[in-house]
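A, B, ... follow the sequence lines: proteins, then strands. Residue 1 opens every chain.
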2 protein chains.
Amino acid sequence: MERAGPVSRRNRPAKSALSQETVVDAAMTLLTADGLDGVSMRRVAQALDTGPASLYVYVQNRDELIALLMDRIAGDIPLPATDGADWRERLTDLMLAAIAQLSRYPGVAVRMFATIPTGPNSLALTDALLGLLAHAGLNRQTRAWAVDVLALYIVAAGTEATLHTERGTPHLSQGAPAPGPNPFAGLPAQQYPNLHDLSEELTYGSFEQRTRWSIDVLINGILATVAE
Amino acid sequence: MERAGPVSRRNRPAKSALSQETVVDAAMTLLTADGLDGVSMRRVAQALDTGPASLYVYVQNRDELIALLMDRIAGDIPLPATDGADWRERLTDLMLAAIAQLSRYPGVAVRMFATIPTGPNSLALTDALLGLLAHAGLNRQTRAWAVDVLALYIVAAGTEATLHTERGTPHLSQGAPAPGPNPFAGLPAQQYPNLHDLSEELTYGSFEQRTRWSIDVLINGILATVAE
DNA sequence: ACCTGAACACCGTTCAAGT
DNA sequence: ACCTGAACACCGTTCAAGT
């Protein structure tokens, strides 16, 4: 009773058969090379030696193609051990791994605000996140809302990290502090007394340091804030 | 010793003179009507009865135009009272107001991940945020990193709210809970035990309720997590 | 059913020429 | 110095025609 998906007829010597997999493969190659901006329907088609219209057999539109790319990317984030002593460390590591993975593919994290991820890999990650929160002794509603903020933070930090990647500023997978002159130092103290006063502290610390601190803030906050 | 900015010569009967202000005005009108996607250089030019090339006298490129729009939007967020008893309530209100304001202009919040806001209105808001944190008894480094996470959260929540606006789901400035069927209820319990188990809780609560809880999480977390 | 060239309705930005 | 039409190099998506 199964209906087979569309089958390509390009089994000729020169061209290989198209399929959703080959389309996503080609898109993934472009994504890795040029970021999401490089993944246009026309360029994907070109890479497959065909016209853009051909892709619409395997993918509804560019948005669906991007959703498929997202889930591939999610699939490369290692799931945490389901059991173990330190849930907090496992949670932190999972979040850092997710942010680092998103930072590798410029333009992808931003789009995740739009899509509640429904791919199997993304769902598995969310489920794992919830599993870790269960070890924290939180009630059901708190766990549910907590996974929401944590996911939002992952996507937000991933988006930020991506921009650091594009600008060449160091981020998660690199060391070294930020370079360049302090943009807050020159601000008028009259108008912006607090920014002026804290200009040193505002630029202190690497992206990784700040991210680790932020994750601590979130976890401490969740532990201290019962929902309901 | 001042150099005057470019002055338009279109002081003829039919067309009014162009200036950066008129360009941003026209862009703002389009933004309000159609969101940021509606603000193309060509459409702005059309609204001003000219060609797109004319705009480049008053604005370096579309990115700069968007940055100018952002600061206009920031200017409509009321600054908190500089003194008062309850810093925590003032901080919460400021964050909710900022998120609500961003939710009114689809497409804008997303772009704020890219830009460290340098407009006068955005800087004033950040300065005010830091001022409120000073009342919380936090050390200097904690205040600096705190304003970072809070700003990141505002932009992230604003981006999310925007999508709710676009989809017609209720959000900050509206009441009522979310409609539609529960997307987690039908998930296989074998593969996603936690998502399946918490499907009720995952969809419980309005956007405003969740946002308020998240802000509480952040504030509690910041108070519990000293930087340095 | 799959594949495709051509077209439709758009983009941002640049450039040479006009005033 | 300001303004502009036209062009350049792109987009996503649709459609009619081919196999």
Crowding at CD, B:E21 (>12 non-hydrogen neighbours, <6.0 Å):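 Atom CD in B:E21 is not crowded, with 12 or fewer foreign heavy atoms closer than 6.0 Å.
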Crowding at CD, A:Q209 (>12 non-hydrogen neighbours, <6.0 Å):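 Counting other residues, nucleotides and ligands, CD of A:Q209 exceeds 12 neighbours.
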A:Q46 CD to C:dT4 P, straight-line distance once rounded to whole Å: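 One finds 14 Å between P of C:dT4 and CD of A:Q46, rounded.
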Whole-Å distance separating the OH atom of B:Y58 from the P atom of D:dC2: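 Rounding to the nearest Å, OH of B:Y58 and P of D:dC2 are 6 Å apart.
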Among D:dT14, D:dT4, C:dT13, the one nearest B:P52 by side-chain distance: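 From the listed options, C:dT13 comes nearest.
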Side chain to side chain, B:P193 and A:D127, heavy atoms closer than 4.5 Å: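 A side-chain contact under 4.5 Å exists here.
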C:dA9 to D:dC10 separation - C1' atoms, rounded to the nearest Å: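 Taking atom C1' in both C:dA9 and D:dC10, they lie 14 Å apart.
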Who pairs with C:dA9 - Watson-Crick or G-U, where each distance is under 3.5 Å: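 Base partner found: none.
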Pairing partner (Watson-Crick or G-U wobble, both distances under 3.5 angstrom) of D:dA1: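 Across any shown strand, D:dA1 pairs with C:dT19.
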Non-neighbouring partners of A:D34 that pass salt bridge (Lys or Arg N to Asp or Glu O under 4.0 Å), sequence neighbours left out: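 Counting only residues at least two positions away or on another chain, A:D34 forms a salt bridge (Lys or Arg N to Asp or Glu O under 4.0 Å) with A:R43.
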Partners meeting side chain to side chain donor-acceptor pair (under 3.5 Å) with A:R42 (sequence neighbours left out):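 Partners of A:R42 under the side chain to side chain donor-acceptor pair (under 3.5 Å) test: none.
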Nucleotides 9-12 of chain C: which of its N/O atoms have a protein N/O under 3.5 Å away?
| from | atom 1 | to | atom 2 | distance (Å) |
| --- | --- | --- | --- | --- |
| C:dC11 | OP1 | B:S40 | OG | 3.2 |
| C:dG12 | OP1 | B:M41 | N | 3.3 |
| C:dG12 | OP1 | B:R62 | NE | 3.2 |
| C:dG12 | OP2 | B:M41 | N | 3.0 |
| C:dG12 | N7 | B:R42 | NH1 | 2.5 |
| C:dG12 | O6 | B:R42 | NH1 | 2.8 |

Pair B:D76 + B:R104, salt bridge at N-O below 4.0 Å: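 B:R104 and B:D76: not salt-bridged.
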